[in-house]
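Before any comments, here is the structure.
Every number for a ligand or one of its atoms is a count from 1 in the order of the listing.
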Amino acid sequence: MSTFKERLGRLVDPMKNRIDHLIKNYGDVKVSDITISQIYGGTRGVKSLICETSMLDPDEGIRYRGYSLPELIELLPKVEGGKQPLPEGLFYLLITGNLPKDNDIDDIRNEFKQRSTVPNYVFNTLDSLPKDLSPMTQLSMGILSLQGTSEFSKQFRMGRATKDMWEPALEDSLSIIAKLPTIAAYIYRRTYKDGIRIEADPNLDWAANLAHMMGIDDNEVYEILRLFLFLHADHEGGNVTAHTVQLVGSTLSDPFYAFSAGMNGLAGPLHGMANQQVLQWISKMREHFGGGIPDKKQIEEYIWKTLNAGRLIPGFGHAVLRKTDPRYTALREFALENFPEDELFQIVSSLYEVVPDVLRIHGKAKNPWPNVDAHSGSILYHYNIREFDFYTVLFGVSRALGVLSWYVWARLLGATLERPKSITTEYLEGLALKWDDSMSVGIFEIDNDHKAMLEQLKSLIDAYHTGKTDHYIIDLFGFLGRYVEKHLALEEHYMEKYDYPNLAEHRRQHEEFKESCKLLKEEFQTKGGTTRLVILIKQMLVDHFTEHVRTVDKEMAEFFKSVSHVG
Ligand code: HAX
C-alpha cells in the first residue's frame, strides 16, 4: 500500500469516533427546519448533507478544507517557474485534509500515472457516436464505458465487508481521475480536430497533459489549465454534481456510475453549462450591435432585452453565494495580469460593472454578482480554446477531484442510503389548513399576553406601594423583552398574513412601545429604580394597554376572527 493510502487509512478512526460521539450524545439536536417554500424551492438553505472537502460561505465563497482560494494559490506546490497551483496537490488536500508535504505530490502523480492507460474499447465507444453529439454526453458515456473495470463492483460481488469498501472506492476514483484527461482530450480531438489521438507525455503534470493531448503545447495554456482545474474542483456537497455523485454512491453504486451521473447534472444550463452560454450570449450581443466592443449603454440595453424576453443573464447569480465569486476574482486577476487589452476580457469587465445594477433593478435574483462561469469561458477563448461546448467538459474533469474525494470518504464513514421523504401538494394543503386553524391558537396567545400585561401593571402598582421596585423592575424588563420579541412579532405576522388594513399604524405603535422600553431600561441601568422611572413605566404600560391593547388590538382580534372563520 502506498504512503498516501496508508495515511488516508489512519485518518478514518478519529473521524468515525467524532461522528459516533455526535450521533450518540447529540443525535436529537435540531439543525434545520424546512418551510413549504423551501420544499418547492429546491430545498435551498436546508442543512441536510455532510461534505468535509469544502464549504461555501455566502459572502466569502468556497474554502477547500478550510483554506481560501488565495491562500491555496500561495500554499500549494507548483511546477518550477510556474505560478499556478498543481491540481495533484489540491487532490491530496481534498482527500486527506492536509496540505501536501515533500514527496506527497509525487505520490499522487505516481498514483495517477499508474492508472492513466485508457482501454481501446473506450475510444471505440466514443468513435461509434456521432461527432456532433454533445461533448458532455460523450464524457458521461466514456466514463460509463469503463464501469466494467470497477474494483468496487468486483469486490462487492466477491463479498468484501462494506466497511472496507473504501479501498476499492479509492482505486476506482484514482482510476477515473487518472484517465479523465485522456478521455476529455480525445473527445476534443474527435469532435473538433482531426480525430488523431495524441499520447500523454509522461513528463507533464495532470493539467498540462490534458492541454498536450488536446494538441496545445504552450506553457501559458498549461498554467491556465492548472488554475482552471484548481478553481472548479469542489463547491461543497449541495450542488447538483456533488449531490448526485453522493446520492448515487449511497446505493453502493460504484464511482463510475456515480461520477457519470454527476456529469449529466453538470451538463445543465443552470449549472456547468453556464460557462459556454456566457460566451454564446456575448457573441449574440456583439452580433446585435454589429461587432466590436459594445459600450456600457449598449450592454445595458442588451441585458434588459434578454431579461424582458424572460431569459437569464448567464454567469450571474448563485443559489448560495451572495457576493462576487472568488473563483471569478481569481480568473479576473489572471486576465488583468496576462491580457488586460483582450477584447473579450474588456466586455466581461464591462458586464461586471453593468449587470449587477440591472439585476438589482430587475429585482428578482437574490445575488446580482458574477459566478465563476461569467469569466472562465473568456479565458479559455483567449488561449484559442474556442469550442464553447467543450468548456463544461473541462469543468467536469476538474470537479472529479472534489466529488470523488468525497465519494471515498462517504464509503470510509459508512454513509447510509439517502432516502428523504416525499409528500404531495395535497398533503401540504392539509398542513396549510391546520396552520390556518392554529391561528386561533395565535389569537389565544395574544390574548393571554395581554392578560399577563395587565397583571404586570397591577404588580407594578403593588410593588410601588411596598417599596420593592428594583427587584420587580428587573423582572418586568425580562417580561417586556419577551413581549417585544414574541408578542409583537406574532401580531405583525398575522396582520401581514391577512392584509390587516391598519398594519402601518399598528407597527408605528409597536415601534414607539419598543423605543420607550429601550429608553426606560437604559435609565434603569444608569440611575436605578427611581420614583420618576416607576411613574414613567406605569404611564407607558397604561398608555400601551389602554390605547393599543384595548382599542387597536381588540379591533384587530375582531378582524382576525372575521378572516379566519374561527368562531
Ligand atoms: N438572470 C436573470 N434572472 C435571474 C438570474 C440571472 N442571472 N439569477 C436568478 N434569476 C431569477 C431566477 O430565475 C428566479 O426567478 P423566478 O422567481 O422567476 O423563478 C429569481 O431570480 C430568484 O432566483 P435566485 O433565488 O436568486 O436564484 P436560484 O437559487 O433559484 O438560482 C442560479 C441560482 C445560479 C441557477 C441562477 O442565478 C441562474 O440561473 N443564473 C444564471 C445561470 C448561471 O450562471 N448558472 C451558473 C451558476 C454557477 C454554477 O453552478 N456553475 O456550475
Legend entry - Enumerated ligand 1 atoms positioned under 4.0 Å from heavy atoms of Gly315: 43 (C), 44 (O)
Legend entry - Salt-bridge criterion met for Lys296 and Glu353 (N-O under 4.0 Å): yes
Inset, instruction - Would you tell me which option among His271, Arg311, Arg44, His318 has the nearest heavy-atom contact to atom 34 (C) of ligand 1? - result: His318
Legend entry - Result of checking Leu139, Ile177, Leu180, Val248 against Phe259 for side chain to side chain contact (heavy atoms under 4.5 Å, CB included): Leu180
Legend entry - Ring centres under 6.0 angstrom apart (His235, His271): no
Legend entry - ligand 1 versus Leu270: contacting region, heavy-atom distance under 4.0 Å: both
Inset, instruction - Run the numbers for me: atoms of ligand 1, each under 4.0 Å from some heavy atom of Leu307, listed by number. - result: 2 (C)
Inset, instruction - Among all protein heavy atoms, pick the one closest to atom 40 (N) of ligand 1 and tell me residue, atom and distance. - result: Phe316 O, 2.9 Å
Legend entry - Atoms in ligand 1 flagged as close to Gly272, the criterion being non-hydrogen separation under 4.0 Å: 52 (O)
Legend entry - Nearest-neighbour protein heavy atom for atom 22 (C) of ligand 1, which is reported as residue plus atom name and distance: Lys364 O, 3.6 Å
Inset, instruction - Indicate, with yes or no, if the rings of Phe152 and Phe256 have centres closer together than 6.0 Å. - result: no
Inset, instruction - Using a strict cut-off of less than 4.0 Å between a Lys/Arg side-chain nitrogen and an Asp/Glu carboxylate oxygen, indicate whether Glu88 and Arg226 qualify as a salt bridge. - result: no
Legend entry - Glu343/Arg286 salt bridge by N-O under 4.0 Å criterion: yes
Inset, instruction - For the pair Asp325 and Arg327, find out whether any cationic side-chain nitrogen is under 4.0 Å from an anionic carboxylate oxygen. - result: yes
Legend entry - Side chain, backbone, both or neither: the part of Ala319 lying under 4.0 Å from ligand 1 by heavy atom: both
Inset, instruction - Measure Asp373 to ligand 1 on non-hydrogen atoms and call it side chain, backbone, both or neither using the 4.0 Å cut-off. - result: side chain
Inset, instruction - Check if Asn239 has a non-hydrogen atom at a distance under 4.0 Å from any atom of ligand 1. - result: no
Inset, instruction - Any atoms of ligand 1 less than 4.0 Å from a non-hydrogen atom of Phe395? List them with their elements. - result: 52 (O)
Inset, instruction - Indicate, with yes or no, if the rings of His212 and Tyr222 have centres closer together than 6.0 Å. - result: no
